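Structure incoming, see below.
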Amino acid sequence: MTSKLRPILSLCSPQRVVAGAFFLPMLAYAFPPFQMSDLPFVIRFLFWFGVMGIAVTSTWMARRLIRETGTVLNLPVRDLAIALFVLLLFIPSLWVLAVVLFSIGGHSAPGIPRVIGYSALFTAGLILTSRAEPKGAPPSSPVPRLARRLPASFQGQIYRLSSRNHYVDVVTSEGTFAIRLRLSDAVGEMEPLRGHCAHRSHWIVDNAVTGTEKVADRIYLKLVNGDLIPVSRKYKPMLEDDGLI
């Protein structure tokens, strides 16, 4: 259970936690939910705290769902799909949050149309801010030949390769792309990026490794996107020699 929550927890960087500690009280004071100014401050604070939690969780779930489908989507189409998933998750979650908190505060819950309006506004803000992040930090790593097999719009970083039947899943900062190729041939096209085989079905980029985790007496490599890659006995000595374990 803990390993499943780690990708969500990784979004809560110390900077974001500190910013939230100052920002949420000010937000609760200046902007009452659904313009109900007579709500107690505690209810306001809990509402905006819940909204932030819904935003982080729904965005993570939507991106993970898109990534795990293995579907190759152009960036505008992918952003639209993520926005729709986030909106579908946001509406019922926000409505339940409002019903519970407003009932505690002795108020009637807002109607569904108002909840949908708020959810659409929050979703638009989430997508716009998430799309702005990669533009400010262009990838500094060299581009491998394998990137030519990805969509022309791809400008992200490759984290790992995983074999799946006759395909290789290329897991990147912009999602997962499935290409029909042998894993050994795909690894050969990853030069000049340095990487290692951690398992017969997994090859990882060294720079994508952030640490290790031990789950049920088995060692996993943790990547920057939260993925946990199992380490087999065959490749463990090599990974230890090169300092990845």
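As the structure is a prediction and not an experimental result, all values here were calculated from the model.
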Subject >> Counterpart residues, side-chain hydrogen bond (donor to acceptor under 3.5 Å, both in side chains), relative to S93 (two or more places apart) >> reply: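 Expected list: none.
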
**OP:** Provide the closest heavy-atom pair for L223 versus R160 in the form atom of the first, atom of the second, distance.
**Re:**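 That would be CD1-CD, 3.6 Å.
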
Original post:
Hey, does Q157 have a side-chain heavy atom less than 4.5 Å from the side chain of E174?
Top reply: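 When only atoms from C-beta onward are counted, Q157 and E174 do not touch, as no gap falls below 4.5 Å.
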
Original post:
Going only through I, L, V, M, F, W and Y residues with side-chain contacts under 4.5 Å, is there a path from L221 to M238?
Top reply: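 Different hydrophobic clusters.
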
Original post:
In Å and rounded to the nearest 0.5 Å, what is the OG to CZ distance from S119 to R114?
Top reply: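 Nearest 0.5 Å value for the OG-CZ distance: 12.5 Å.
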
**OP:** Would you name the heavy atoms of V205 and I158 that are closest together and state the gap between them?
**Re:**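 Answer, listing the atom of V205 first, then I158: CG2-O, 3.3 Å.
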
Original post:
Just how far is it from atom CG of L228 to atom CD of E213, taken to the nearest 0.5 Å?
Top reply: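 The CG atom of L228 sits 5.0 Å away from the CD atom of E213.
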
Subject >> pair L244-I204: side-chain heavy atoms closer than 4.5 Å >> reply: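 Contact flag for L244/I204 side chains = yes.
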
**OP:** Give the cluster check for W95 versus I104: same hydrophobic cluster or not, with ILVMFWY residues linked at side-chain heavy-atom distances below 4.5 Å.
**Re:**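 Yes, it is one cluster - the side chains of W95 and I104 are joined through contacts under 4.5 Å.
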
Original post:
Which pairs count as ring-ring contact (aromatic ring centres under 6.0 Å, His included) when at least one residue sits in residues 200-232, sequence neighbours excluded?
Top reply: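 Only H199-H202 qualify under ring-ring contact (aromatic ring centres under 6.0 Å, His included).
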
**OP:** Look at the side-chain heavy atoms of Ile, Leu, Val, Met, Phe, Trp and Tyr, link any pair under 4.5 Å apart, and say whether V86 and I112 land in one connected group.
**Re:**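 In one cluster: yes.
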
Original post:
Taking all atoms of both residues into account, what is the closest heavy-atom pair of F90 and A55, and its distance?
Top reply: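 Smallest interatomic distance, heavy atoms only, reads CE1-CA, 3.9 Å.
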
**OP:** Starting at NZ of K234, measure out to SG of C197 and round the result to the nearest 0.5 Å.
**Re:**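 Result: 8.0 Å between the selected atoms.
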
Original post:
Charged N to carboxylate O under 4.0 angstrom, D227 versus K222?
Top reply: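 No.
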
**OP:** Examine distances only and state if a side-chain atom of T57 and a backbone atom of I54 form a donor-acceptor pair shorter than 3.5 Å.
**Re:**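 Flag not set: sc T57 to bb I54 has no pair under 3.5 Å.
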
Original post:
To the nearest 0.5 Å, what is the distance between CD1 (I116) and CG (L94)?
Top reply: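 Here the interatomic distance stands at 10.5 Å.
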
Subject >> Non-neighbouring partners of H196 that pass ring-ring contact (aromatic ring centres under 6.0 Å, His included), sequence neighbours left out >> reply: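 Counting only residues at least two positions away or on another chain, H196 forms no ring-ring contact (aromatic ring centres under 6.0 Å, His included).
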
**OP:** Give a yes or no on whether V51 and L88 share a hydrophobic cluster (residues Ile, Leu, Val, Met, Phe, Trp, Tyr; joining criterion: side-chain heavy atoms under 4.5 Å apart).
**Re:**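 As far as the 4.5 Å side-chain criterion goes, L88 and V51 are not connected within one cluster.
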
Subject >> Listed once per pair and sorted, the side chain to side chain donor-acceptor pair (under 3.5 Å) pairs that draw on residues 182-191, sequence neighbours left out >> reply: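 Counting only pairs at least two positions apart or across chains, the side chain to side chain donor-acceptor pair (under 3.5 Å) contacts touching residues 182-191 are R149-E189, R182-D185.
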
Original post:
Can you name the residues that form a side chain to side chain contact (heavy atoms under 4.5 Å, CB included) with V42, not counting sequence neighbours?
Top reply: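 Partners of V42 by the side chain to side chain contact (heavy atoms under 4.5 Å, CB included) criterion, ordered by chain and then number, come out as L46.
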
Subject >> Rounded distance [0.5 Å steps], CG in D169 versus CD1 in I179 >> reply: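 That separation rounds to 9.0 Å.
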
Original post:
With distance as the sole criterion, is a donor-acceptor pair present between the side chains of R164 and S162 under 3.5 Å?
Top reply: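 Judged by distance alone, the side chains do not pair up.
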
Subject >> Side chain T172, main chain G156, donor-acceptor under 3.5 Å >> reply: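 The answer is no, because no donor-acceptor pair under 3.5 Å joins these two groups.
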
Original post:
Do L146 and L161 pass the side-chain contact (heavy atoms from CB on, under 4.5 Å) test, and can you show the C-alpha distance, the side-chain angles, and the key distance before you say yes or no?
Top reply: CA-CA 11 Å; L146 187 69; L161 308 175; 3.6 Å; yes

Subject >> Partners passing side chain to side chain contact (heavy atoms under 4.5 Å, CB included) against R180 (at least two apart in sequence or in another chain) >> reply: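 Counting only residues at least two positions away or on another chain, R180 forms a side chain to side chain contact (heavy atoms under 4.5 Å, CB included) with H166, Y167.
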
Original post:
Does a sphere of radius 6.0 Å around CZ in R218 hold more than 12 heavy atoms from other residues, nucleotides or ligands, not counting ones at 6.0 Å or beyond?
Top reply: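 More than 12 heavy atoms, drawn from other residues, nucleotides or ligands, come within 6.0 Å of this atom.
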
**OP:** Tell me whether V96 is reachable from M52 by hopping between hydrophobic residues (I, L, V, M, F, W, Y) whose side-chain heavy atoms are closer than 4.5 Å.
**Re:**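 Same hydrophobic cluster.
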
